[in-house]
Asker: 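Got a structure here, written out as structure tokens. Questions coming.
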Amino acid sequence: MSFTLHTAAGDFRAIKALVTAQYAGVAVAVNTISDVKAHTLSKDKAFLAINPTGKVPALETPHGAVWQSNAITRYLARCGPAANLLGNTFQEQAEVDQWLDFSLNELEVSGTML
């Protein structure tokens, strides 16, 4: 399968998706968008077809696009089922979800306030 992750340079939201892809054994091409162009994506019709919010990161897949960093991360984890990154039991799956939510709400939000 062919995947392309559109992201701004150094975007910490995309890094967790790329780390997940590496652990899952999934190859992902990266399209790094300049800071200048990133500010105009909300008006770029081609990019809005990928992500209607006009924001990065966004993942192009053979089946359509996925956007929002946690959704991208879970999608890539599911593409490498041998890696079993999402847990075998409901408890393990909930623990994965809790750490993704913790990362989003406690680490990433704090990181944007610097």
Side-chain angles (χ1 to χ4, degrees):
M1 279 202 244
S2 172
F3 301 104
T4 301
L5 183 67
H6 301 276
T7 184
D11 183 358
F12 61 88
R13 291 174 188 90
I15 293 171
K16 68 181 168 188
L18 294 171
V19 168
T20 299
Q22 197 165 30
Y23 273 102
V26 177
V28 175
V30 177
N31 175 29
T32 303
I33 298 169
S34 71
D35 288 340
V36 172
K37 185 168 182 185
H39 293 294
T40 64
L41 290 177
S42 63
K43 296 178 180 130
D44 183 329
K45 289 183 182 186
F47 189 79
L48 290 172
I50 297 167
N51 182 350
T53 69
K55 296 179 181 179
V56 294
L59 181 71
E60 279 190 273
T61 80
H63 307 289
V66 178
W67 41 278
Q68 291 297 331
S69 61
N70 281 349
I72 294 167
T73 299
R74 287 184 182 105
Y75 182 93
L76 293 171
R78 288 182 184 103
C79 289
N84 191 30
L85 297 176
L86 295 175
N88 281 325
T89 66
F90 290 138
Q91 179 64 32
E92 290 174 350
Q93 292 168 7
E95 290 171 3
V96 170
D97 288 343
Q98 82 184 5
W99 284 109
L100 281 170
D101 289 345
F102 176 83
S103 170
L104 177 68
N105 295 312
E106 302 296 329
L107 303 177
E108 293 178 27
V109 171
S110 297
T112 61
M113 293 180 182
L114 298 177

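Not measured: the values here are computed from a predicted model. One is the number of the first residue; the rest follow in order along the sequence. The figures here come from the full heavy-atom set of this structure, side chains too, leaving out hydrogens, waters and symmetry mates.
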Asker: Looking at every heavy atom in both Ile72 and Ala17, which two are closest together, and how far apart are they?
Answerer: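 In this case the closest contact between Ile72 and Ala17 is CG2-CB, 3.6 Å.
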Asker: Just to verify, what does Tyr23 make a ring-ring contact (aromatic ring centres under 6.0 Å, His included) with, not counting sequence neighbours?
Answerer: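 Tyr23: no ring-ring contact (aromatic ring centres under 6.0 Å, His included) contacts found.
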Asker: With Asn70, which residues qualify under side chain to side chain contact (heavy atoms under 4.5 Å, CB included), at least two apart?
Answerer: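 Asn70 satisfies side chain to side chain contact (heavy atoms under 4.5 Å, CB included) with Lys16, Arg74, Leu100, Asp101, Leu104 once adjacent residues are dropped.
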Asker: Restricting to pairs with a member in residues 25-34, which pass side chain to side chain donor-acceptor pair (under 3.5 Å), not counting sequence neighbours?
Answerer: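 Checked against side chain to side chain donor-acceptor pair (under 3.5 Å) - neighbours excluded - the pairs reaching residues 25-34 are His6-Asn31.
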Asker: Count I, L, V, M, F, W, Y as connected when their side-chain heavy atoms are under 4.5 Å apart, and connections chain through other members. Are Leu85 and Ile15 then in the same cluster?
Answerer: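 The answer is yes; both residues are in one hydrophobic cluster.
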Asker: With clusters defined by side-chain heavy atoms of hydrophobic residues (ILVMFWY) lying less than 4.5 Å apart, directly or transitively, does Trp99 cluster with Leu107?
Answerer: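 Yes: a chain of side-chain contacts under 4.5 Å links Leu107 to Trp99.
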Asker: Looking at every non-hydrogen atom in both residues, tell me the closest pair between Ala14 and Thr7 and how far apart they are.
Answerer: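 Result for this residue pair: CB-OG1, 3.2 Å.
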Asker: If a pair satisfies salt bridge (charged side-chain N to carboxylate O under 4.0 Å, His left out) and one of its residues is in residues 79-93, list it, with sequence neighbours excluded.
Answerer: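 Checked against salt bridge (charged side-chain N to carboxylate O under 4.0 Å, His left out) - neighbours excluded - no pair reaches residues 79-93.
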Asker: What heavy-atom pair brings Phe3 and Pro62 nearest, and what distance separates the two atoms?
Answerer: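 Residues Phe3 and Pro62, closest heavy atoms: CE2-CD, 4.0 Å.
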Asker: What's the separation between atom OG1 in Thr61 and atom OH in Tyr75, rounded to the nearest 0.5 Å?
Answerer: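 Between atom OG1 of Thr61 and atom OH of Tyr75 there are 3.5 Å.
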Asker: Which residues pass the side chain to side chain donor-acceptor pair (under 3.5 Å) test with Asp35, not counting sequence neighbours?
Answerer: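 For Asp35 there are no side chain to side chain donor-acceptor pair (under 3.5 Å) partners, ignoring immediate neighbours.
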Asker: Going by the rule side chain to side chain contact (heavy atoms under 4.5 Å, CB included), which residues pair with Leu18 if we only count those two or more places apart in sequence or in a different chain?
Answerer: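 By the side chain to side chain contact (heavy atoms under 4.5 Å, CB included) rule, Leu18 matches Leu5, Val28, Val30.
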Asker: Assess whether side chain to side chain contact (heavy atoms under 4.5 Å, CB included) is satisfied between Lys37 and Asp44, documenting all intermediate values.
Answerer: CA-CA 9 Å; Lys37 185 168 182 185; Asp44 183 329; 3.9 Å; yes
Asker: Considering only Ile, Leu, Val, Met, Phe, Trp and Tyr, and joining two whenever side-chain heavy atoms are under 4.5 Å apart, list the other residues clustered with Val56.
Answerer: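 ILVMFWY cluster around Val56 also holds Ile33, Leu41, Phe47, Ile50.
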Asker: Going by side chain to side chain contact (heavy atoms under 4.5 Å, CB included), name the residues that satisfy it together with Asn84, two or more places apart in sequence or in a different chain.
Answerer: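 Result, side chain to side chain contact (heavy atoms under 4.5 Å, CB included) vs Asn84: Asn88.
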Asker: For Glu95, which residues count as a side chain to side chain contact (heavy atoms under 4.5 Å, CB included) partner, sequence neighbours excluded?
Answerer: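 Glu95 satisfies side chain to side chain contact (heavy atoms under 4.5 Å, CB included) with Gln91, Gln98 once adjacent residues are dropped.
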Asker: Scan residues 50-65 for pairs that pass salt bridge (charged side-chain N to carboxylate O under 4.0 Å, His left out), counting only residues two or more places apart or in two chains.
Answerer: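 As it turns out, there is no salt bridge (charged side-chain N to carboxylate O under 4.0 Å, His left out) pair with a partner in residues 50-65 once direct neighbours are skipped.
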Asker: Sequence neighbours excluded, which residues qualify as side chain to side chain donor-acceptor pair (under 3.5 Å) partners of Thr53?
Answerer: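 Thr53 satisfies side chain to side chain donor-acceptor pair (under 3.5 Å) with Asn51 only.
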